[in-house]
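As the structure is a prediction and not an experimental result, all values here were calculated from the model. Chain identifiers are assigned alphabetically (A, B, ...) following the order of the sequence lines, protein sequences preceding nucleic acid strands; residue numbering begins at 1 within each chain.
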4 protein chains.
Amino acid sequence: MGSPSSASDLPEPAVRRRTGGRGARVRGQVLAAVGELLVEDGFDRLTVDAVAARAGVHRTSVYRRWRDVGGLLADLLDSAADDSWGPPDTGSLEEDLLALNHEVFAALADGPSLTTVLIEASFRFDDAARALGHFWDDRHARSAPVVTRAAARGEVPAATDPRAVLVTATAPLYHELLLLRTAPDPALPRRAARAAAAAARAGAFADPAPGPDPGPAPEGG
Amino acid sequence: MGSPSSASDLPEPAVRRRTGGRGARVRGQVLAAVGELLVEDGFDRLTVDAVAARAGVHRTSVYRRWRDVGGLLADLLDSAADDSWGPPDTGSLEEDLLALNHEVFAALADGPSLTTVLIEASFRFDDAARALGHFWDDRHARSAPVVTRAAARGEVPAATDPRAVLVTATAPLYHELLLLRTAPDPALPRRAARAAAAAARAGAFADPAPGPDPGPAPEGG
Amino acid sequence: MGSPSSASDLPEPAVRRRTGGRGARVRGQVLAAVGELLVEDGFDRLTVDAVAARAGVHRTSVYRRWRDVGGLLADLLDSAADDSWGPPDTGSLEEDLLALNHEVFAALADGPSLTTVLIEASFRFDDAARALGHFWDDRHARSAPVVTRAAARGEVPAATDPRAVLVTATAPLYHELLLLRTAPDPALPRRAARAAAAAARAGAFADPAPGPDPGPAPEGG
Amino acid sequence: MGSPSSASDLPEPAVRRRTGGRGARVRGQVLAAVGELLVEDGFDRLTVDAVAARAGVHRTSVYRRWRDVGGLLADLLDSAADDSWGPPDTGSLEEDLLALNHEVFAALADGPSLTTVLIEASFRFDDAARALGHFWDDRHARSAPVVTRAAARGEVPAATDPRAVLVTATAPLYHELLLLRTAPDPALPRRAARAAAAAARAGAFADPAPGPDPGPAPEGG
DNA sequence: CTTTAAGCGAGACGGTACGTCCGGTCTTATT
DNA sequence: AATAAGACCGGACGTACCGTCTCGCTTAAAG
């Protein structure tokens with residue numbers, strides 16, 4: 001649930017020259033360079049020139065394949081998707097959520113991680129935003145069993161919406177660490193997991209919402 | 001709880017020339033220009049040149065007072081602080097949280113609002129990040145009575161942490177609308193408010209945390 | 001001997017596009033613009049922006065090739081070198097020197113000429129100073145026959161140093177017209193030529209200097 | 001003949017406060033600052049701000065008295081005029097001219113002296129150009145006896161123009177050291193002095209010019 | 001095994017914005 | 001009345017990146 005894995009998971013780029021040809025080599029080198037530059041210098045040092053230089057590739061070769069930095073990040077995110085990821089299964093909803101939260105916490109807590117950077121990028125590049133959305137959709141889909149298993153165990157109502165539970169559990173971490181930028185509180189993952197689990201048990205995420213939302217409130221100014 | 005009010009709340013800038021002198025006039029014009037440009041063109045059109053031109057002020061005059069765009073936004077945020085804001089008081093924790101969430105929802109739902117833009121800016125400028133942190137701290141502090149009153153009414157345990165409740169209630173909105181960028185779901189404010197209230201009633205935010213956090217999970221990526 | 005020729009001697013820039021490519025066209029346009037601006041507005045109106053605008057070229061394209069205005073002037077001077085120039089040959093040292101002096105006089109007498117401006121620039125930009133030095137070295141070398149021929153004719157001693165004669169003949173013109181800024185005196189070229197010729201005849205520039213310089217005088221301020 | 005004396009000749013500025021009042025103090029401090037900055041940083045570091053800061057005076061106080069940097073230099077030059085200066089008197093025209101040349105040489109030979117700087121300034125500021133012109137006029141007038149005494153001794157024709165002799169003697173130094181920027185040649189002062197003396201003896205500067213100048217030569221550039 | 005065309009290296013270009021320096025003018029407050 | 005303090009307007013500087021273009025060369029794949 002936590003974060004995309006790093007670019008170093010790419011299939012060793014420098015070796016295979018024949019398979020896929022020169023193009024594949026360039027792509028690999030560039031994406032690797034993007035990953036390195038991101039963790040070293042952060043996002044706003046990530047210029048096309050710097051990437052090209054680091055990759056040992058010419059500027060125009062980058063522009064040819066990727067429109068801009070956003071495209072680079074989107075591609076990086078896609079290529080870095082960890083298809084082997086799976087949710088925890090501890091036998092308890094709260095403990096499962098806690099495990100997920102620990103992943104998220106680890107990805108966000110220590111300074112400008114790859115995740116942080118990708119989120120920041122998603123504000124500026126539609127490509128990156130879309131790619132990040134896909135990543136999260138995927139993670140939510142894979143994590144759904146955490147909730148459906150709890151429903152099967154009778155921990156939560158059968159109609160409980162998995163996604164809502166997952167979002168409720170993880171959102172406070174993103175909010176505190178990315179937006180509010182409070183100092184990482186080690187108790188935070190558990191508190192958020194417990195709260196989400198408690199709400200789920202109380203039926204807060206059971207589908208047939210009893211009362212419809214009455215509508216918008218006056219602008220908050 | 002939702003968002004800082006717009007720059008147009010500034011005391012009519014063009015009129016008062018003597019009080020505060022030329023400097024105050026310039027400051028007012030510039031901050032007004034920042035606000036206007038933000039809502040019109042969004043954040044990445046917000047260049048110092050554009051601000052200066054719109055404000056009818058010279059570039060260097062902007063640089064003299066504000067280091068960069070981040071400084072401008074921080075100042076805007078400070079000057080736009082709405083000191084008259086107060087939390088709702090409906091007599092019920094869930095309804096109070098719902099009212100707060102409606103404010104947040106309104107500020108985030110319709111495209112690139114001032115709030116969105118300030119959050120985006122907070123990723124790139126420390127000044128803006130600090131100012132936004134202060135804004136939220138202030139809002140959380142002012143909203144605390146929502147929880148303490150509920151505790152006084154016996155709705156939730158006496159030791160319930162107000163901030164944790166507030167964050168739990170609002171975080172899903174920020175997460176869905178800003179990070180996941182899902183289409184605004186009108187049921188979201190109620191669902192999040194209900195979940196936070198349920199968790200609070202269940203004692204998930206009561207101070208003496210029963211079980212300590214067992215430690216970190218394996219790196220997630 | 002007088003002055004570098006104007007930039008309009010450049011090989012017609014707008015026509016040849018393929019030969020030398022775009023780069024050559026830009027260079028020609030820019031140098032032409034420099035020349036025009038110099039004679040029209042003088043040296044301190046010669047800003048990079050103005051040059052670029054006049055040349056119909058972008059600012060950054062100027063900075064790419066030429067570090068600064070000094071580089072522009074140096075390049076102008078180089079490109080404007082008149083390879084066809086040759087010294088007069090009247091059969092008399094004094095008349096030859098007079099002809100040279102008339103060239104110098106013409107270049108300096110009427111207000112801010114290209115020469116004036118290049119000299120002024122040489123005070124502020126090393127590039128321009130170097131280029132001007134090369135120009136003068138070249139002119140002195142080409143003018144040497146004026147003196148060697150006189151020596152061959154027996155007008156002056158065989159060991160006469162050509163450069164010293166040329167400098168002695170022309171220096172008073174530069175001094176009066178550029179430094180002292182006295183009103184141009186039409187008799188000046190002849191007087192300086194006659195003096196230099198007389199001194200040369202008297203053996204003042206013959207190599208084996210009889211008495212060595214006794215050393216420095218007290219500081220003059 | 002050589003150069004204006006340095007600003008440190010000013011009547012000790014920090015001491016006398018009453019004579020002339022605050023204004024005189026400001027003027028003294030500012031001119032002293034100009035002199036110091038010139039020798040330390042050269043001419044193009046000589047900004048009004050820097051002068052004001054060094055003088056411990058406010059920017060506007062400088063602008064009030066002196067229009068610009070040129071005015072400052074002109075004033076400095078005036079105030080630094082050394083009224084006690086007098087020409088040498090060795091009993092021989094060539095030796096007198098040599099002594100004068102040594103002064104000039106010393107002022108020009110070692111890098112960017114005050115003299116160099118003032119000449120450079122004279123290209124950019126009319127004030128400075130005028131002041132420098134006055135300075136040189138004064139020096140030429142004072143040096144005239146060098147020639148008139150030689151005429152009285154019968155060394156040169158009675159009608160010899162003193163100024164022309166002086167210019168012929170010194171001009172090569174300015175030309176070589178300031179314009180051509182050749183490395184300082186210790187033999188130069190003597191060579192120029194000897195040439196000027198020889199020409200004078202030959203009657204090249206005797207007033208009734210035998211042949212009038214035939215007119216301008218074709219443009220040289 | 002050749003041909004061919006896609007991709008690449010190279011590098012200039014137009015362009016936007018940056019942040020800085022300096023010039024010169026103004027107003028207000030002080031002394 | 002002159003000065004200090006300091007903001008302002010304005011012009012120019014030189015830099016960093018952006019995204020586009022043209023040109024010539026290499027090389028992977030199609031004929």
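- Across the protein-nucleic acid pair, B/Asp41 atom CG and E/dT16 atom P stand 15 Å apart, rounded to whole Å.
- Among residues two or more places apart in sequence or in another chain, the ring pair (Phe, Tyr, Trp, His ring centres under 6.0 Å) test is passed with B/Phe123 by A/Phe123.
- Rounded to an integer number of Å, the gap from CZ of D/Arg124 to C1' of E/dC22 is 12 Å.
- For A/Thr47, there are no side chain to side chain donor-acceptor pair (under 3.5 Å) partners two or more places apart in sequence or in a different chain.
- If you take CZ of B/Arg65 and C1' of F/dC9, they are 14 Å apart, rounded to a whole angstrom.
- Against DNA chain F, the stretch residues 42-49 of chain A makes heavy-atom approaches under 4.0 Å through A/Thr47, A/Val48, A/Asp49.
- Look at CZ on A/Arg67: it is 11 Å from C1' on F/dT20, rounded to the nearest Å.
- Per the geometry, CD belonging to C/Gln29 stands 10 Å off P belonging to E/dC13, to the nearest Å.
- By the side chain to side chain donor-acceptor pair (under 3.5 Å) test, A/Arg64 is found to be paired with A/Ser61, residues two or more places apart in sequence or in another chain being considered.
- A straight line from CZ of D/Phe125 to C1' of E/dG23 spans 10 Å, rounded to a whole angstrom.
- Interface residues of residues 52-63 of chain A facing DNA chain F, ordered by number: A/Arg59, A/Thr60, A/Tyr63; criterion, heavy-atom separation under 4.0 Å.
- Put simply, the side chain of B/Asp68 gets close to the backbone of B/Gly71: a donor and an acceptor are under 3.5 Å apart.
- For the pair C/Asp68 CG and E/dT20 C1', the interatomic distance rounds to 17 Å; values are reported in whole Å.
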Check residues 125-132 of chain B and write down every donor-acceptor pair under 3.5 Å in which the side-chain atom is one partner and the other belongs to a residue at least two apart or another chain.
unit_1, atom_1, unit_2, atom_2, d
B/Asp127, OD1, B/Arg130, NH2, 2.9

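- For A/Asp44, the side-chain contact (heavy atoms from CB on, under 4.5 Å) partners are A/Glu120, not counting sequence neighbours.
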| field | Derivation and outcome, side chain to side chain contact (heavy atoms under 4.5 Å, CB included), residues B/Val69 and B/Phe43 | value | CA-CA 10 Å; B/Val69 176; B/Phe43 173 65; 4.2 Å; yes
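- Residue pairs meeting the salt bridge (Lys or Arg N to Asp or Glu O under 4.0 Å) criterion with at least one partner in residues 47-63 of chain D, sequence neighbours excluded, are D/Glu36-D/Arg54, D/Glu40-D/Arg54, D/Asp49-D/Arg59.
- In this structure, CZ of B/Arg25 is placed 11 Å from C1' of F/dC9, rounded to the nearest angstrom.
- With DNA chain E read from its 5' end, the first of the two nearest nucleotides for B/Ala50 and C/Arg64 is the one closest to C/Arg64.
- The main-chain N or O of D/Ser122 is found under 3.5 Å from a side-chain atom of C/Arg181 such that the two form a donor-acceptor pair.
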